[in-house]
Protein chains: 2
Amino acid sequence: MELSNSEEQLMQILWKKDKAFMKDLVEAYPDPKPALTTVATLLKRMQDKKFVGYTQIGRSREYFPKVSKKNYFSKQMNGLIKNFFNDSTSQFASFFTQETDLSEKELRELRELIDEKIKNK
Amino acid sequence: MELSNSEEQLMQILWKKDKAFMKDLVEAYPDPKPALTTVATLLKRMQDKKFVGYTQIGRSREYFPKVSKKNYFSKQMNGLIKNFFNDSTSQFASFFTQETDLSEKELRELRELIDEKIKNK
DNA sequence: TTTATTACTCTACAAATGTAGAATAATTTT
DNA sequence: AAAATTATTCTACATTTGTAGAGTAATAAA
């Protein structure tokens, strides 16, 4: 099961904080902050979906992500690539290189990284 | 306004066909194919959202995408990059290079592309 | 020990999504 | 012309999503 938009927004906050009490999560929202109960509902649903866990501390719960941002992001990417590039990562890579506008400096850095990757093959 | 999942699925079909009658769209679905009326509803909503247009041909309509796949994809990518990499395309690029597993050949091709891009700067 | 406060859970409800039957209009076949 | 077919629109309804008030239990403050 996937995260909905507002769930994902909350997840972003949780990833940033790494772990947090509900109160702090609400606090971290940009204005207008949602009601505590709203966040509570989202957290509940996210627990059902196995994206969030918590540790009981006193009578409070410290929530934490059960899925890493990296992992989640990868899945998203793969989904996109699958849909739009017929599952071809390299096709995507070339599209990406052509269509985004990285500066020359950034391009050089990227090439650097690729070189390194090639070396390690 | 964004496309929902099932709308996006239909959009993929429409992009592939470039233009098509409702009947053909339904036909193009993998089994189990949805009811004609289901596709009709989706098309209607997609028109409201300005993602689809049509040309009347006799008493039928030939539907076509009003947003290119490329353009749509770019927006999706930018959304992801914004959320996960704080809007830094280059940060994303390096993540991508590290985390996906392109073959050596693909990596070389990619570097080739980057080189060309740099040249054109 | 009454009263607040805190931290959740339950219930609710409008909007969006996924899916499709029923109705209607135009056209073609008998 | 009556009957069947085609192409769309209307209406409907179960789920999921976005948002939050009301209720409850435990603890802290008066």
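We name chains A, B, ... by the order of the sequence lines, and we start the count at 1 in each one.
- The interatomic distance linking A:Q56 (CD) with C:dT6 (C1') rounds to 13 Å, in whole Å.
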Note to self: I'd like to compare against my own output: the B/S/- annotation of nucleotides 18-29 of chain D with a strict under-4.0 Å heavy-atom distance to protein.
What the structure shows: BBBBB---SS--
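- In this structure, B:K69 contributes its side chain and B:Q12 its backbone to no donor-acceptor pair below 3.5 Å.
- Rounded to whole Å, the distance from CD on B:E8 to P on C:dT17 is 12 Å.
- Within the 4.5 Å cutoff, no side-chain heavy atoms of A:T38 are placed close to those of A:V26.
- Separating the CE atom of B:M11 from the C1' atom of C:dG18 is a distance of 18 Å, rounded to the nearest angstrom.
- Rounded to an integer number of Å, the gap from A:K23 NZ to C:dC8 P is 11 Å.
- For A:W15 (side chain) and A:V67 (main-chain N/O), a donor-acceptor pair under 3.5 Å exists by modelled atom type.
- Spacing between atom CG of A:D48 and atom C1' of C:dC8 amounts to 15 Å, rounded to whole angstrom units.
- For A:K44 and C:dT11, the shortest distance from a side-chain N or O to OP1 or OP2 is not below 4.0 Å.
- Between the C1' atom of D:dA7 and the CD atom of B:Q47 lies a distance of 13 Å, rounded to the nearest Å.
- Between B:F51 atom CZ and C:dT17 atom P there is a gap of 11 Å when expressed in whole angstrom units.
- Ring to ring, A:F85 and B:F73 are close: their centroids are under 6.0 angstrom apart.
- Applying the salt bridge (Lys or Arg N to Asp or Glu O under 4.0 Å) test to pairs two or more places apart or on separate chains, those with a residue in residues 106-117 of chain A are A:E104-A:R108, A:K105-A:E109, A:R111-B:D115, A:D115-B:R111.
- With rounding to whole Å, A:L43 atom CG is found 15 Å from D:dT17 atom P.
- Proximity of a side-chain donor or acceptor of A:S68 to a complementary backbone N or O of A:N71 within less than 3.5 Å is detected.
- Taking the side chain of B:R61 as heavy atoms from C-beta on, and the options D:dT17, D:dT9, C:dC8, the nearest nucleotide is D:dT9.
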